[in-house]
Trainee: 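Just passing along the structure, written as structure tokens.
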Amino acid sequence: MNTIPVVHFRFGDVQAMAAAAGRPYTVVYDGQCKVCGRLVKLLNKWDTGDELEVIPFQNTTVLSRFPWIPATAYAEAVQLIGPGGKTWQGGEAIEQLLKILPYGLTFGWAFKVPGFGNVFGRFYRWFARNRYKFGCGEHCQMRPQKLDFGDAE
């Protein structure tokens, strides 16, 4: 997956907004995926510099704010939209997030290892296709009740 070229759209003489006011990057994820929801909580804690707006693709404003991203892309992979509408998806979005977030290079160095990005991209696509099997279903019932996963509201 490569970055998507920026295309600026105008609707009724109003240009579509790429990023939320005051935050240079927007992360769009699957709000119905329980694993994604847990990862978003971690991402929000990690984003101490308030660089990210994090919204589910089920948000009614997503398609109008980012009209250059096909609707099907949101269901396939996480989307990261940066300044000027530059867009990354899937494993490349994760790699870019590690460059943005504080101490992200602690993990991001792995992407400099030849071939790691390709392997991670394949893993990400496999995970994304199977994400509803993780974090919910029969195996969740086997989770010990007294463990704290940090997901209690």
Trainee: Would you check if the side chain of T87 reaches a backbone N or O of G85 as a donor-acceptor pair within less than 3.5 Å?
Mentor: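 Here the side-chain-to-backbone pair exists.
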Trainee: Distance check, rounded to the nearest 0.5 Å: L43 atom CG versus R38 atom CZ?
Mentor: 15.5 Å
Trainee: Can you check whether A77's main-chain N or O pairs, donor with acceptor, with Q79's side chain at less than 3.5 Å?
Mentor: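 Such a contact is found between Q79 side chain and A77 backbone.
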Trainee: Ignoring hydrogens and angles, tell me if any N or O in the side chain of R23 forms a donor-acceptor pair with the backbone of E51 under 3.5 Å.
Mentor: no
Trainee: Restricting to non-hydrogen atoms, name the atom on Q89 and the atom on A73 that form the minimum distance, rounded to 0.1 Å.
Mentor: OE1-CB, 3.9 Å
Trainee: So Y25 and W88, would you call those rings parallel, tilted or perpendicular, with 30° and 60° as cut-offs?
Mentor: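 Because their plane-to-plane angle lies in the 30° to 60° range, the rings of Y25 and W88 count as tilted.
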Trainee: Report yes if some heavy atom in the side chain of L80 is under 4.5 Å from a heavy atom in the side chain of L97; otherwise report no.
Mentor: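 The answer is yes; the side chains approach within 4.5 Å.
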Trainee: Got a donor-acceptor contact below 3.5 angstrom from the Y124 side chain to the V78 backbone?
Mentor: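 At least one qualifying donor-acceptor pair exists.
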Trainee: Restricting to non-hydrogen atoms, name the atom on L63 and the atom on A71 that form the minimum distance, rounded to 0.1 Å.
Mentor: CD2-CB, 3.9 Å
Trainee: Please round to the nearest 0.5 Å and tell me the distance separating atom NZ of K41 and atom CG of N44.
Mentor: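 If we round to the nearest 0.5 Å, K41:NZ and N44:CG are 10.0 Å apart.
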Trainee: Taking only residues two or more places apart in sequence or in another chain, which ones pass side-chain contact (heavy atoms from CB on, under 4.5 Å) with T72?
Mentor: P70, E76
Trainee: Give a yes or no answer on whether the side chain of W46 reaches the backbone of L101 with a donor-acceptor pair at less than 3.5 Å.
Mentor: no
Trainee: If you round to the nearest 0.5 Å, how far is CD1 of I55 from CZ of F66?
Mentor: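 The CZ atom of F66 sits 5.0 Å away from the CD1 atom of I55.
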Trainee: Considering all heavy atoms of both residues, which atom of P102 and which atom of T48 are nearest to each other, and what is their separation?
Mentor: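 Heavy atoms of P102 and T48 come nearest at CG-OG1, 3.4 Å.
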Trainee: Is it true that V119 and I94 fall in one hydrophobic cluster, defined by side-chain heavy atoms closer than 4.5 Å?
Mentor: no
Trainee: Over all heavy atoms of both residues, which pair between E53 and R65 is shortest? Give the atoms and the distance, please.
Mentor: OE1-NH2, 2.8 Å
Trainee: Starting from the C-alpha separation in whole Å, work towards a yes-or-no answer on side chain to side chain contact (heavy atoms under 4.5 Å, CB included) for I81 and I69.
Mentor: CA-CA 10 Å; I81 302 95; I69 302 174; 3.8 Å; yes
Trainee: To the nearest 0.5 Å, what is the distance between SG (C36) and CZ (F127)?
Mentor: 5.5 Å
Trainee: Without swapping roles, check the side chain of D30 against the backbone of A75 for a donor-acceptor pair under 3.5 Å.
Mentor: no
Trainee: Return the CG to OH distance between N59 and Y29, rounded to the nearest 0.5 Å.
Mentor: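 Here the rounded value is 9.5 Å.
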Trainee: What distance separates D47 CG from L52 CG, expressed to the nearest 0.5 Å?
Mentor: 4.0 Å
